[in-house]
Amino acid sequence: MKWFDDFFEKKTRQAAQSVSRRSALARIGSLMVGTAFMLPVLPFDRIGSNAHAATKPSQDDTSCDYWRYCALDGFLCTCCGGSISSCPPGTEVSKVTWVGTCRNPADGRDYLISYNDCCGATMCGQCFCNKNERERPGYRLGTHNDINWCMANNSNTYHCTVAAIVGIGDKG
Ligand code: ABN
């Protein structure tokens, strides 16, 4: 192995005589920087770039992204034979309710929304949404959406949920 050691010693001495330490470091540095630009060094989240598009408010009141549904947990009555603020035929509106505050992107104002469950027919099963903006746990009952609000009606059977405007905030 002596020839091997001699060979590398010679080459190292030659390199040391012809290249200054500073220029050697500069070359190594530029090589590293160049490599960083060439390679996609870290993985990045391409899904995140679509996150805004996914949550864009919809004009369609049968879509969970419609602005009034920002705190609605349940089946949309607009998909169950009712409208956004009236229960489908054969069901009755819940006597008690929970409220949410949603911003209407059309005018930038905040609206108080009453989410009433419609009661008296089996679960609709269409257009299930689970939005929870400003929603609060069960000990803040009036802003909690994860219970059956048909509890005070003659029939406690939950069918779907409406979203009626009951108040409007000041112009911000
Ligand atoms: N308020 C909608 C709902 C009904 C039944 C069970 C959970 C949530």
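These values consider heavy atoms only, across backbone and side chains, with no hydrogens, waters or symmetry-generated copies. Start at 1 and go down the list; that is how both ligands and their atoms are numbered.
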Return the closest protein heavy atom for atom 8 (C) of ligand 1 as residue, atom name and distance. Ile147 O, 3.5 Å
Whether the side chain of Thr97 engages the backbone of Tyr115 through a donor-acceptor N/O pair (distance < 3.5 Å, no angle test) should be reported. yes
Taking distance alone, with no angle check, do Gly74 and ligand 1 share an N/O pair under 3.5 Å? no
Run the numbers for me: atoms of ligand 1, each under 4.0 Å from some heavy atom of Asn145, listed by number. 1 (N), 2 (C), 8 (C)
What distance do Asp146 atom CG and Glu135 atom CD have between them, rounded to the nearest 0.5 Å? 7.0 Å
Write out the residue and atom name of the closest protein heavy atom to atom 2 (C) of ligand 1, then the distance separating them to 0.1 Å. Asp73 O, 3.1 Å
Between Asn153 (side chain) and Ser155 (backbone), is there a donor-acceptor pair under 3.5 Å? no
Quick one: does Trp98 get within less than 4.0 Å of ligand 1, heavy atoms only? yes
With heavy atoms and a 4.0 Å threshold, my read on which part of Asp117 contacts ligand 1 is side chain
Can you tell me if Met123 has over 12 outside heavy atoms packed within less than 6.0 Å of its CE? no
Examine the side chains of Asp60 and Ser58 and answer whether a donor and an acceptor come within less than 3.5 Å of each other. no
